[in-house]
There are 2 protein chains.
Amino acid sequence: MNQKIFVSAKEVADRAGVSRSAVSRTFTPGASVSEETRRRVMEAAEALGYHVNHLARGLMRNESGLVCLIVSEMDTPYRASLIRAISRQLQNVSKIAMLINTDRSDKSVDDALRLAISYRADASIILSGMPDKSISDLCVKSGQRLVLINRDEEREGALMINLHDREAARRAFIAFQRAGCRRLAFANSDVGTPSLMAREEGFVSAAQAAGFEVAVERFGSTRYQSGVVLAQRLLTREVRPDAIFCANDLLACGVMDTARHQFRLEIPNDLCVVGFDDIEQASWSSYELTTFAQPVDRIAEEAVSWLAKPLYDAGLSCKLSAELNWRGSVRGG
Amino acid sequence: MNQKIFVSAKEVADRAGVSRSAVSRTFTPGASVSEETRRRVMEAAEALGYHVNHLARGLMRNESGLVCLIVSEMDTPYRASLIRAISRQLQNVSKIAMLINTDRSDKSVDDALRLAISYRADASIILSGMPDKSISDLCVKSGQRLVLINRDEEREGALMINLHDREAARRAFIAFQRAGCRRLAFANSDVGTPSLMAREEGFVSAAQAAGFEVAVERFGSTRYQSGVVLAQRLLTREVRPDAIFCANDLLACGVMDTARHQFRLEIPNDLCVVGFDDIEQASWSSYELTTFAQPVDRIAEEAVSWLAKPLYDAGLSCKLSAELNWRGSVRGG
DNA sequence: GAAAACATTGCACACGCTTGCAATGGCGTG
DNA sequence: CACGCCATTGCAAGCGTGTGCAATGTTTTC
């Protein structure tokens, strides 16, 4: 398309009066170059504005330095902070994040993965959706790393990072119990992601084990507006809940706002709420939401450090726990 | 590092019984291939899991398809939604976003731009900070496109997308005036980004032109916590403001929460608030924030479509206006 | 002082792709 | 049948690197 004219190693070599190899070696850590040549090369490079062509280098080294981040709804607070954490970690190890937007369809995840292959990405990190087995197998077979975050379903050779969702959900129940809540509810989206379902099941089963019923409602996406609808449904039930565990914080915000402004309930007096993710808004004084913190930095660290390690025989599974952040949305913290 | 073994065009060619060129042409739109060969090539490619190597293609075509997004604090709602909009638009034209995190330092922006050059990115889009002139000149001279969003300072050959900040600020003043507010204030961060300063100056000068003084306070970043501090400072002044225009929505959220919960003020009765950006939280019922909407989709469209156009002689300047979204935080909408 | 070890350097090939060029063969026209 | 046109195809050069190998010059060792 538009002519690009970048300066190449040859030009630098000519100007510095050395061979092209010398230039290449100057920019290759650990290669053998005399102090004198290096100086002259650097000088010429500086003057000409030379930068090693990472495309060509990637071609030779068979290592592009690119890592593909596959994610939907990336403007959501939790996703955004995870993306940030990961891309930072990647930069620390001199890799760089390629961002691919998907919609919820698994087809679009497949396409994203194909793109990752085309760019010979060193790895792909999947935050949303689930690729077809055939295509993810191709990735692994080709030597591309695969990381699945909160994706539960298994993929051979991939690193799976998950949280102890059920365990957290059980603790949510305990929190409600200590607060003296008796009419429990769970607010979920209806997208049915494994981790969301695990939270639901964990909560319900913990409650049932203690002899409590749970009013479960599922609707829409995991965004604020769905929380509004969920609150309307739950709070107009014959037995009005006095405790709602929300599948994530955005839902919780919608639930809290609706409970307060539409149903005139006081939190935590009339209603206790617990969320999941610990997005920034959870700490805002309008919410003071008690919630489980996703260890985003830890997740990012775990993912990126695995990329540097030599590949073990098979895929790894990494289970992290979510810490409960006590705030004002539950009585008696 | 780890051996990657991707299948190459040669292997596909061998299997299909054609030349390497035929394979290449099959995957090059508009190239001359017979229906029969194309079929055979596609069949072989499918069977082997072949994907064109974009690194090599980029090397030949001198067009990588990569576009570098340079941004700090990308977990912030406005930034996140802008990144999403841009990366989507890019995908529409078969380009792909590389994400680079910077801190506030201009040095880190320089490094990011160097990286963009190394990867022979087709373009760089800068959302935060400002690169050194020498390095941005190198980009332009090398034929790499440069887009500056809300960056005011000029760079030759770059596309600059800005909002009519002063104009918007003037309208904020008018809104307050119509609401009968008399003690005006402006809450700003102290990072001093041109667009933020333009909002401040526009507001102050519009007010002064009508005979009003404005209490200006600057502190910290553009995040919620700074809004908290700003509210504390402004609302403890001898003349307590009855209207605060905030440089962005996050500040506004902090201001509103603090006004309500710490100072027991009612919004909009005791205090009117206007923000900027129209992040999702602005529409949440805890805030109902009247705010200027950044036309993120429009910005993304403008930026990406410019990348497709042939390069005109010089840099372009694109000024968009921010629409005022009336909600409940100002009396008498 | 001779031999051996070592550091440095250039050559040339490889990486996987695109594309200009020429060769091939099929086809319609006169 | 001769001719020219056209679609298709393969050859080979080139994109900007990294790196093994051999050659060169320098230092160390005995």
Side-chain angles (χ1 to χ4, degrees), chain A residues 1-41 44-45 48-66 117-122 142-143, chain B residues 1 3-41 44-45 48-66 117-122 142-144:
Chain A
M1 173 99 23
N2 300 292
Q3 261 330 341
K4 293 201 209 77
I5 331 114
F6 291 96
V7 15
S8 74
K10 170 140 189 4
E11 303 173 51
V12 177
D14 288 349
R15 176 171 180 133
V18 298
S19 77
R20 210 181 44 68
S21 317
V23 178
S24 177
R25 292 198 172 99
T26 301
F27 290 97
T28 304
S32 164
V33 208
S34 76
E35 214 40 65
E36 166 64 5
T37 355
R38 151 168 275 119
R39 199 187 49 71
R40 290 170 60 187
V41 168
L48 295 173
Y50 171 73
H51 292 258
V52 176
N53 185 331
H54 274 49
L55 267 51
R57 171 178 279 184
L59 196 56
M60 270 301 301
R61 290 224 184 124
N62 207 10
E63 190 177 6
S64 62
L66 298 169
I117 294 180
S118 284
Y119 275 99
R120 299 304 188 254
D122 295 337
S142 306
Chain B
M1 174 92 28
Q3 262 331 341
K4 293 200 209 80
I5 331 114
F6 292 96
V7 15
S8 75
K10 169 133 188 14
E11 303 172 51
V12 177
D14 288 349
R15 176 168 181 136
V18 297
S19 75
R20 234 191 26 259
S21 320
V23 178
S24 178
R25 292 198 172 99
T26 300
F27 290 97
T28 303
S32 162
V33 210
S34 76
E35 214 39 64
E36 167 65 6
T37 11
R38 151 168 277 121
R39 198 186 51 70
R40 288 169 62 186
V41 169
L48 296 173
Y50 171 72
H51 292 259
V52 177
N53 186 331
H54 273 50
L55 267 51
R57 169 177 281 184
L59 198 54
M60 271 302 299
R61 292 227 182 122
N62 207 10
E63 190 177 6
S64 62
L66 298 169
I117 294 181
S118 285
Y119 275 99
R120 300 302 188 258
D122 296 337
S142 307
Q144 189 181 76

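Protein chains get the first letters and strands the later ones, always in sequence-line order, with residue 1 at the start of each.
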Compare the minimum distances between each of C/dG10, D/dT17, D/dG16 and the side chain of A/A9, then state the nucleotide with the smallest one. D/dT17

Are B/D122 and A/K4 within salt-bridge range, i.e. N to O under 4.0 Å? yes

Closest nucleotide of DNA chain D for B/R120 versus for B/T37: which of these residues is on the 5' side? B/T37

Rounding to an integer number of Å, can you tell me how far B/E11 CD sits from C/dC15 P? 11 Å

For B/A44 and B/A16, work out which heavy atoms get closest and say how close. CB-CB, 4.0 Å

Has B/S142 got a side-chain atom pairing as donor or acceptor with B/Q144's backbone, closer than 3.5 angstrom? no

Does any N or O in the side chain of B/S118 come within less than 3.5 Å of the main-chain N or O of A/N53, such that one atom is a donor and the other an acceptor? no

In B/S/- notation, 5' to 3', how is nucleotides 18-28 of chain D contacted by protein heavy atoms closer than 4.0 Å? BBBB-------

Just how far, in rounded Å, is P of C/dG16 from CG of B/N53? 8 Å

Could you state the atom-to-atom distance from NZ of A/K10 to P of D/dG14 in whole Å? 13 Å

B/R39 CZ to D/dT8 C1', straight-line distance once rounded to whole Å: 16 Å

Nucleotide D/dG14, atom P - distance to CZ of A/F6 in whole Å: 22 Å

For the pair made of CG in A/L48 and P in D/dG16, what is the distance, rounded to whole Å? 14 Å

Using a cut-off of 4.0 Å on non-hydrogen atoms, how would the nucleic acid contact of B/S34 be classed: base, sugar-phosphate, or nothing? sugar-phosphate

Does B/T26 offer a backbone N or O that forms a donor-acceptor pair with the side chain of B/R38 under 3.5 Å? yes

Verdict with supporting geometry, A/V41 and A/F27, side chain to side chain contact (heavy atoms under 4.5 Å, CB included): CA-CA 9 Å; A/V41 168; A/F27 290 97; 4.2 Å; yes

Could you state the atom-to-atom distance from CG of A/D14 to C1' of C/dG10 in whole Å? 14 Å

Tell me: CG of B/L59 to P of C/dT19, nearest whole Å? 12 Å

Side-chain N or O of B/S32 versus OP1/OP2 of D/dA7: is the shortest distance under 4.0 Å? no

Within the 3.5 Å criterion, strictly below it, is a donor on A/T37 or A/S34 matched to an acceptor on the partner's side chain? yes

According to a strict under-4.0 Å criterion, is A/S19 in side-chain N/O contact with OP1 or OP2 of C/dG10? yes

